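Note on naming: letters A, B, ... go to the chains in the order of the sequence lines (proteins, then strands), and numbering restarts at 1 for each one. Everything numeric in this text was worked out from a predicted model, so none of it was measured.
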Amino acid sequence: MPTPSQPQARLADQYDPQAIEREAQAFWESARSFRSTEDPSRPKFYCLSMFPYPSGKLHMGHVRNYTIGDVLARYHRMRGANVLQPMGWDAFGLPAENAAMANNVPPAKWTRENIGTMKAQLRSLGFALDWERELATCDPRYYVWNQWLFTRLFRKGLAYKKTGVVNWDPVDQTVLANEQVIDGRGWRTGAPVEKREIPMYFLRITAYAEELLAALEELPGWPEQVKLMQKNWIGKSEGVRLAFPYELDSEKKLLWVFTTRADTLMGATFCAVAAEHPIAAWAARRDPRIAAFVEECKRGAVMEADLAQLEKKGMPAGLSCTHPISGKQVAVWVANYVLMGYGEGAVMAVPAHDERDFAFAREYGLPIQPVIRHPAGDKVPAPWKPEYAEYGACINSGKYDGLPYQDAVDAIAADLKAKGLGEKQVQWRLRDWGISRQRYWGCPIPIVHCPACGDVPVRDGELPVRLPEHLVPDGTGNPLAKLPEFYETSCPACSKPARRETDTMDTFVDSSWYFARYACPDQAGAMLDERARYWMPVDQYIGGIEHAILHLLYSRFFQRLMRDEGLLEVSEPFTNLLTQGMVLADSYYFDTPEGRRDWVHPSEVEVERDAKGKIVAAKKGDGTPVVFDGIGTMSKSKNNGVDPQALIDKYGADTARFYIIFASPPTNTLEWSDESVEGSYRFLKRLWTYCARLEKPGAQMVDHPAKATRFEIHSVLKQANYDLSKHQFNTVASAAMKILNALERFAGGRNKVTEEGLSILLRLLSPITPHVCHHLWRALEFGKQFPEAGEDVMRAPWPEPDPAALEQDEVELVVQVNGKLRGSIRVPRAADRPAIEGLALANPNVQKFVAGQKVKKVVVVPGRLVNLVV
RNA sequence: GCCGGAAUGGCGGAACUGGUAGACGCGCCGGACUCAAAAUCCGGUGCUGGCGACAGCGUGAGGGUUCGAGUCCCUCUUCCGGCACCA
């Protein structure tokens with residue numbers, strides 16, 4: 001492709017980032033440098049960063065995410081790949097409704113304005129994005145395919161209706177998101193939140209549980225940590241489903257429980273059921289105290305984190321059931337620690353070998369019967385010890401005595417099966433995905449409720465079910481449910497009057513397949529087309545670690561749903577995953593005389609240091625002392641956010657990008673420091689000044705040998721290339737600094753060594769700071785040496801170290817005595833072991849520590865060290 | 001509570017596969033330039049002792065394996081992420 005002709009850039013004396021960034025961006029724009037097309041002749045590289053929620057302005061987390069992605073995209077482009085790097089908007093969601101309520105602006109308008117602002121910001125950062133593929137999930141041309149797929153899943157039974165539990169605000173008469181529940185109360189009303197069961201649509205992700213789990217093994221490009229979290233989340237456990245018979249109103253019934261510890265069955269001394277269990281409901285009808293307890297359990301929010309920290313409480317249900325093996329009667333309790341949503345909503349309690357049951361039994365004086373020989377003995381005296389839960393041989397268990405874990409489980413399961421009271425079963429922690437939201441700003445669920453035909457999916461020809469965009473929610477439920485024009489419709493099957501579903505989809509649905517749609521965002525006739533088969537899977541996905549479970553698991557699930565619709569072949573959407581850490585900043589406050597706590601922005605804080613540079617005090621500009629409150633995520637409430645725009649305005653995009661890459665490896669948290677940003681700016685200025693001086697006639701004296709300089713530059717490059725392969729970009733930025741240091745020490749004019757070194761430096765650095773490298777490459781006319789690149793450093797080949805430059809005649813070896821460093825020796829590269837030992841022993845400082853002692857052993861690590869053991 | 005991480009100078013971080021701890025940068029100290037300041041440039045900088053060559057100590061705490069541990073194993077502490085309706 002021809003590069004657009006522009007006047008040859010001259011190198012000004014001063015680094016002016018705003019001017020050169022404008023120029024570089026104009027160059028890329030007119031050359032359409034980042035547009036990607038399908039090209040089967042080249043290896044493709046689909047590089048994707050998680051798309052942002054258009055919250056208003058870009059925040060530092062976005063800048064970090066997209067800078068990391070951009071470095072990867074540009075690097076792979078220079079290595080010859082056909083790179084796709086798209087961008088779009090996760091545009092449905094709760095914040096738009098909150099903003100709408102606060103400002104009386106429809107979410108649609110607010111969202112679209114935010115997209116405009118953030119898109120301009122992304123452009124100013126110079127990311128190599130193919131904007132021709134931009135999409136927004138609130139666009140009917142996008143969400144129509146959510147709806148289309150949903151109707152397919154509904155017909156297959158993979159989408160279905162059942163009741164689910166939600167947070168209910170009794171004052172606003174509305175469903176609350178978990179984040180809208182603060183200390184058990186509604187955020188706007190302050191009313192205690194209640195649990196409420198409502199009908200919802202679910203996606204049958206459990207049908208894919210086995211595959212989602214097994215396929216984790218085939219994801220070598222994912223961090224182990226994320227795979228482990230997903231594995232635990234899916235939570236496959238093999239156990240026994242078994243029944244305790246009981247009689248209710250002279251009717252014979254079975255209380256089913258699931259256990260992974262069937263070997264402890266003979267120690268089951270009671271059973272416990274969830275407050276939502278039918279037995280609890282029955283007991284509540286007979287006994288007002290139980291009714292009150294069940295009510296108490298139903299109060300509060302639905303968050304598992306909160307439930308898990310509740311004090312374990314229970315009440316006897318006034319019922320007993322029969323132990324399936326021993327035939328003894330055991331009591332049934334209603335307990336708040338049993339979850340209706342997991343397993344059978346009931347458990348057999350073995351207090352001797354389960355910590356929760358142990359605590360519960362001791363609290364309520366229930367029998368504790370040890371049945372396993374554990375490392376701490378045969379008895380289980382209080383307090384609880386973790387050993388009690390370990391595997392061991394059965395005791396006090398009649399015919400099962402002496403059997404180890406697996407044999408006991410097998411024998412007990414066989415006996416239960418013979419009685420028709422149980423069998424082995426696989427149990428999953430993973431639950432089906434409830435996607436219904438009683439909210440306005442989301443994708444409408446394409447179902448019509450007909451009094452005669454039931455729930456009928458909207459016909460393809462009627463899709464999309466358009467979301468009216470003019471509404472402003474008021475916090476009292478979904479405005480769609482108050483809009484007859486929306487919900488009044490006719491049945492797709494019988495044409496009689498019917499009511500349209502007014503719930504919208506979880507926004508996780510939108511984000512579970514957007515990555516595939518980028519391949520063909522303009523395709524109006526299908527969800528995906530053959531271009532998706534070219535680009536998918538994503539070769540590199542980059543995003544926050546906070547998405548390690550839900551978003552990534554749902555996306556893996558959707559990829560399979562699309563595969564099973566015949567839309568794609570591959571099962572896994574993301575071949576390689578990079579989880580980036582959060583961006584943190586210091587926070588400072590002072591308490592006002594009125595007793596208010598004011599948070600002071602870190603940029604307004606002056607610190608006082610001691611002679612060593614350690615911070616001893618901090619104050620505001622006006623002298624008010626402030627308290628350092630530690631380091632944490634950037635947030636409005638602590639007034640410690642750094643605005644990317646201000647940073648770009650002051651230093652330019654390249655400094656922002658360089659700092660973000662340099663400050664920390666991508667997977668770590670990044671702790672913000674304005675002073676370090678200055679350092680990054682300083683480096684780019686130094687690079688500029690070095691190049692500007694090279695341009696001037698009259699080379700300076702060479703004061704460093706060329707061979708040593710080349711060795712240094714090529715060694716650094718070798719390490720940098722290794723670091724790039726490990727995605728450790730902070731040391732690549734360091735490498736660029738080291739190369740500039742070496743060139744400055746060499747201090748020649750334009751000659752073979754500086755020319756080579758600088759071309760390496762500009763290419764190595766260009767993915768991180770593309771604007772300044774683009775400009776310097778053109779100004780210094782490196783296109784003459786790299787005709788294939790011409791004026792565009794991005795088209796230059798990636799630099800590789802020259803093996804000849806890495807050769808050395810001598811190497812330095814460290815000499816240790818008993819593992820302690822005592823000196824070093826220089827030896828010829830090919831020196832043999834006796835020669836090395838001789839030189840090591842001859843070192844005078846080494847002699848001091850070996851003198852008069854016998855050397856028992858000599859360890860020689862080639863190229864590294866000699867260790868003399870005395 | 002459960003699941004998953006992290007911890008190295010005054011600060012961010014580096015250290016290959018168990019082999020010189022502190023690369024690179026920030027900050028700080030000293031110097032050059034300047035009427036002065038900013039900017040820039042040069043030198044120093046883990047802690048303790050010593051004029052010094054050097055020595056002792058040192059990677060959150062405690063133990064272990066090894067010729068040798070920031071790195072491997074065990075126990076613990078603190079901080080961070082997720083927990084299904086924030087995205």
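Between B:rC3 and A:R429, no contact under 4.0 Å exists linking OP1 or OP2 to a side-chain N or O. Remark: A:K820 is in phosphate contact with B:rC57, judged by side-chain N or O atoms under 4.0 Å from OP1 or OP2. Close to B:rU17, at under 4.0 Å from its OP1 or OP2, lies a side-chain N or O of A:Y722. Between A:R822 and B:rU20 there is no side-chain polar atom (N or O) within less than 4.0 angstrom of OP1 or OP2. The phosphate of B:rU66 (OP1 or OP2) has no side-chain N or O of A:N867 nearer than 4.0 angstrom.
The nucleotide whose nearest atom lies closest to any side-chain atom of A:E304 is, among B:rU20, B:rG1, B:rG25, B:rG1.
Remark: P of B:rG82 and CD of A:Q225 are 13 Å apart, rounded to the nearest angstrom. When the C1' atom of B:rG81 is taken as reference, atom CD of A:Q580 falls 13 Å away, rounded to whole Å.
A:A305 comes within 4.0 angstrom of a base, heavy atoms only. At the heavy-atom level, A:Y659 lies nowhere under 4.0 Å from the strands shown.
A 3.5 Å limit on both hydrogen-bonding distances identifies B:rU40 as the Watson-Crick or G-U partner of B:rA32. The partner of B:rG56 is B:rC47, judged by Watson-Crick or G-U wobble contacts that both fall below 3.5 Å. In this entry B:rC2 has B:rG82 as its Watson-Crick or G-U wobble partner, both defining distances falling under 3.5 Å. Nucleotide B:rU77 is matched to B:rA7 when pairs are restricted to Watson-Crick or G-U wobble geometry with both distances under 3.5 angstrom. Pairing for B:rA23 is absent, judged as Watson-Crick or G-U wobble with the two contacts each under 3.5 Å. Pairing partner, B:rA14: none, since no Watson-Crick or wobble contact has both distances short of 3.5 Å.
Cation-pi geometry between A:R356 and A:Y337 is not met at under 6.0 angstrom from the ring centre and within 45 degrees of the axis.
Residue-to-nucleotide proximity on RNA chain B shows that, of A:F51 and A:S664, the 5′-proximal contact is made by A:S664. Projected onto RNA chain B by closest heavy-atom contact, A:Q180 and A:K738 fall at different nucleotides, the more 5' of which corresponds to A:K738.
In this structure, B:rG12 shows a glycosidic angle more than 90 degrees from zero, which is the anti conformation.
The pair A:R682-A:E678 fails the salt-bridge criterion, with no side-chain N (NZ, NE, NH1 or NH2) lying under 4.0 Å from an Asp/Glu carboxylate O.
No donor-acceptor contact under 3.5 Å links the side chain of A:N232 to the base of B:rC3.
For the pair A:V859/A:V866, no side-chain contact is recorded, criterion being any heavy-atom separation below 4.5 Å from C-beta on. Residues A:I661 and A:V732 form no side-chain contact, since every pair of their non-hydrogen atoms from C-beta on lies 4.5 Å or further apart.
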